There are 2 protein chains.
Amino acid sequence: MNKQTTDVEEILQKKGVKPTAVRMNVLNFLLDQEKAVSLKDIESVLSRMDRSSIFRTLKSFEEHKLIHSIDDGTGMTKYAVCAEGCNCELEDLHYHFYCISCEKTFCLMDHPISTIELPKNFKMIHANMVIKGLCDKCNK
Amino acid sequence: MNKQTTDVEEILQKKGVKPTAVRMNVLNFLLDQEKAVSLKDIESVLSRMDRSSIFRTLKSFEEHKLIHSIDDGTGMTKYAVCAEGCNCELEDLHYHFYCISCEKTFCLMDHPISTIELPKNFKMIHANMVIKGLCDKCNK
DNA sequence: AGATCCTATGCAACTCAGTTGCAAAGTTTA
DNA sequence: TAAACTTTGCAACTGAGTTGCATAGGATCT
Ligand SMILES: [Mn+2]
Ligand SMILES: [Mn+2]
Ligand SMILES: [Zn+2]
Ligand SMILES: [Zn+2]
């Protein structure tokens, strides 16, 4: 735990999510990570809590723009806490990186998705951009 | 059918896949499409053929670089025939577009994935880039 | 041709992440 | 306190994808 209970409570309040035990635990865990995590990852750590409760918590967090989800192609959706000031709009989108060796999925916060030229009349609303390869620790 | 049986047979031969009935039918269907299709799409058209046979056919096609797969976030993998000369290498990667209105997934062949700046020592090997929004026909 | 071998196919069963219905527990409101 | 609403846990279900296995279909050898 790298955050005080009160911090987590505040964050939830601010985003309009009622701070319950499950929610505080899930958010606390998410804030601890340097990589994006799956429902299963959370489940195995917060083993006292039910899968569906964690699932619904994640859905709720996503709706309230507290976290964003990443489809990294592994078949398990990953979740990561949104950056300060993120509103989950086009300008907040960033690339994600999946390491095929250590199997970690990273948010590349410093790599925003620049405007992409599209065919005439196509309109971009959202995007899921995943680069796969080797992370710095696995690239020897 | 927009291709003669012999054409399809030739393509399979050239890519090192033995041309069987299932394979020729699947390839024929794939060549007909202007959008990427799912296993289910193929199944519902080639209803005489078994799902697992089509599934294994797609896997085989992918291994032999006849088609490439796209994870567009819908939960159903889409497949599209590779362009002439495609070797499924980095330089062959291109953006994909998923229309949230008509639910079609397109290959943006004219939009190759340019080299993306990555954090120090990260190495890109592959990528799945999906832009979501409205296609020209749905964007009114 | 007939026997043998290898591959492709169809069928059924299974996996597994995600999702939902429902009742019990907990919280807020009147 | 009682009623109303929300959250949680449990169990059952969904659906795409995947696999084992027996049969069918071709190719190859004698
Ligand atoms: Mn991210
Ligand atoms: Mn494509
Ligand atoms: Zn790694
Ligand atoms: Zn459309």
Side-chain angles (χ1 to χ4, degrees), chain A residues 8-9 12-13 15-30 36-64 66-80 98 103 105 128 130, chain B residues 5 8-9 11-13 15-30 36-64 66-80 98 103 105 128 130:
Chain A
V8 171
E9 210 170 327
L12 289 170
Q13 294 283 13
K15 294 276 185 172
V17 184
K18 214 187 291 179
T20 65
V22 172
R23 287 167 186 168
M24 284 168 65
N25 276 287
V26 171
L27 181 52
N28 230 320
F29 177 72
L30 286 169
V37 294
S38 67
L39 171 57
K40 207 181 182 185
D41 290 333
I42 303 172
E43 210 186 329
S44 63
V45 170
L46 305 182
S47 51
R48 289 150 295 167
M49 322 210 141
D50 186 69
R51 183 174 13 132
S52 64
S53 299
I54 301 171
F55 171 75
R56 285 188 267 234
T57 292
L58 290 170
K59 285 282 162 205
S60 169
F61 282 6
E62 205 176 0
E63 276 159 24
H64 288 82
L66 206 76
I67 63 174
H68 61 277
S69 61
I70 307 134
D71 179 353
D72 61 11
T74 60
M76 284 167 76
T77 305
K78 303 290 163 65
Y79 302 89
Y98 173 73
E103 303 185 339
T105 300
N128 184 55
V130 180
Chain B
T5 297
V8 171
E9 210 171 326
I11 297 172
L12 289 169
Q13 294 282 12
K15 294 277 186 171
V17 183
K18 213 186 290 179
T20 65
V22 173
R23 287 168 186 168
M24 284 169 65
N25 276 287
V26 171
L27 181 53
N28 229 321
F29 177 72
L30 286 169
V37 294
S38 67
L39 170 58
K40 207 180 182 184
D41 291 333
I42 303 173
E43 211 187 327
S44 63
V45 172
L46 306 181
S47 50
R48 290 149 296 163
M49 321 208 144
D50 185 70
R51 183 176 12 132
S52 62
S53 299
I54 301 170
F55 171 74
R56 284 188 266 235
T57 292
L58 291 170
K59 285 282 161 202
S60 169
F61 282 6
E62 205 176 0
E63 276 160 24
H64 289 82
L66 208 77
I67 63 174
H68 62 275
S69 60
I70 307 133
D71 178 354
D72 62 9
T74 59
M76 284 166 76
T77 305
K78 303 290 163 64
Y79 301 89
Y98 174 73
E103 304 185 340
T105 300
N128 185 54
V130 181

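What you see is a predicted model, and the numbers here were worked out from it, not measured in a lab. Letters A, B, ... are given to chains in the order of the sequence lines, protein chains preceding strands, and every chain is numbered from 1.
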Expressed as a whole number of angstroms, how long is the span from A:Met24:CE to C:dG26:C1'? 16 Å

If the sugar-phosphate is the primed atoms plus P, OP1 and OP2 and the base is the rest, what is the B/S/- string for nucleotides 3-17 of chain D, using protein heavy atoms under 4.0 Å? ---SSBBB-----SB

Can you list everything that forms a side chain to side chain donor-acceptor pair (under 3.5 Å) with A:Ser53? Sequence neighbours excluded, please. none

A:Glu62 CD to C:dT19 C1', straight-line distance once rounded to whole Å: 14 Å

Residues forming a side-chain contact (heavy atoms from CB on, under 4.5 Å) with B:Phe29, sequence neighbours excluded: B:Gln33, B:Val37, B:Ile42, B:Val45

Could you pull out all residues at least two apart from A:Glu62 that satisfy side chain to side chain donor-acceptor pair (under 3.5 Å)? A:Ser69

With sequence neighbours left out, which residue pairs that include part of residues 68-80 of chain B fulfil the salt bridge (charged side-chain N to carboxylate O under 4.0 Å, His left out) condition? B:Asp72-B:Lys78

Starting at CD of A:Glu63 and ending at C1' of C:dT19, how long is that distance when rounded to a whole Å? 14 Å

Of all pairs that satisfy salt bridge (charged side-chain N to carboxylate O under 4.0 Å, His left out), the ones with a partner from residues 46-57 of chain B, not counting sequence neighbours: B:Glu43-B:Arg51

